[in-house]
Amino acid sequence: MRDHDDEAELVAYPDGPFLLRGDVRIVGPDGQELPRRRRTVALCRCGKSMLKPYCDGTHKIIGFRTEPEVPGIDERDASAT
């Protein structure tokens with residue numbers, strides 16, 4: 001649960017997009033701000049969306065799967081090894 005409405009939150013949905021909630025600017029590689037019509041947006045994680053960086057649902061069609069988390073492993077610690 002979030003304490004403040006203005007805090008940003010990024011939620012990674014299993015086998016789906018990142019949901020970005022809150023007042024955050026989204027900019028492209030050129031530094032230009034990208035259009036945003038909603039407070040919550042879905043960001044592509046599969047790399048196949050035709051609306052990148054936004055999700056268009058292609059992950060469902062192509063069967064995109066995220067790797068399951070390994071219990072007890074902190075990703076920050078795992079990348080150091």
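Scope of the values below: all heavy atoms of this structure, side chains included, with no hydrogens, waters or symmetry mates.
For Lys60, there are no side-chain contact (heavy atoms from CB on, under 4.5 Å) partners, not counting sequence neighbours. Applying the side-chain contact (heavy atoms from CB on, under 4.5 Å) rule to Tyr13 yields the partners Val11, Leu19, Arg21; only residues at least two apart in sequence or on another chain are considered.
Among all heavy-atom pairs drawn from Cys44 and Lys48, the shortest one is SG-N, 3.9 Å. Here the closest non-hydrogen pair linking Ala12 and Arg45 is CB-NH1, 3.5 Å. Closest approach of Pro17 and Leu43 over heavy atoms only: CB-O, 3.2 Å. Residue Val24 comes nearest to Ala8 through the heavy atom pair CG2-CB, 3.2 Å, listed as atom of the first residue, atom of the second, then distance. Between Ser49 and Tyr54, the closest heavy-atom pair is OG-O, 2.6 Å.
At least one donor-acceptor pair closer than 3.5 Å links the side chain of Thr66 to the backbone N or O of Asp15. Panel note: side chain Arg36, backbone Arg38; a donor-acceptor pair is recorded below 3.5 Å.
Asp23 CG to Glu7 CD: the interatomic distance, rounded to the nearest 0.5 Å, is 12.0 Å. Between Asp56 atom CG and Cys46 atom SG the span is 7.5 Å, to the nearest 0.5 Å.
Screening Val41, Leu34, Val27 for a side chain to side chain contact (heavy atoms under 4.5 Å, CB included) involving Pro53 leaves a single residue, Leu34.
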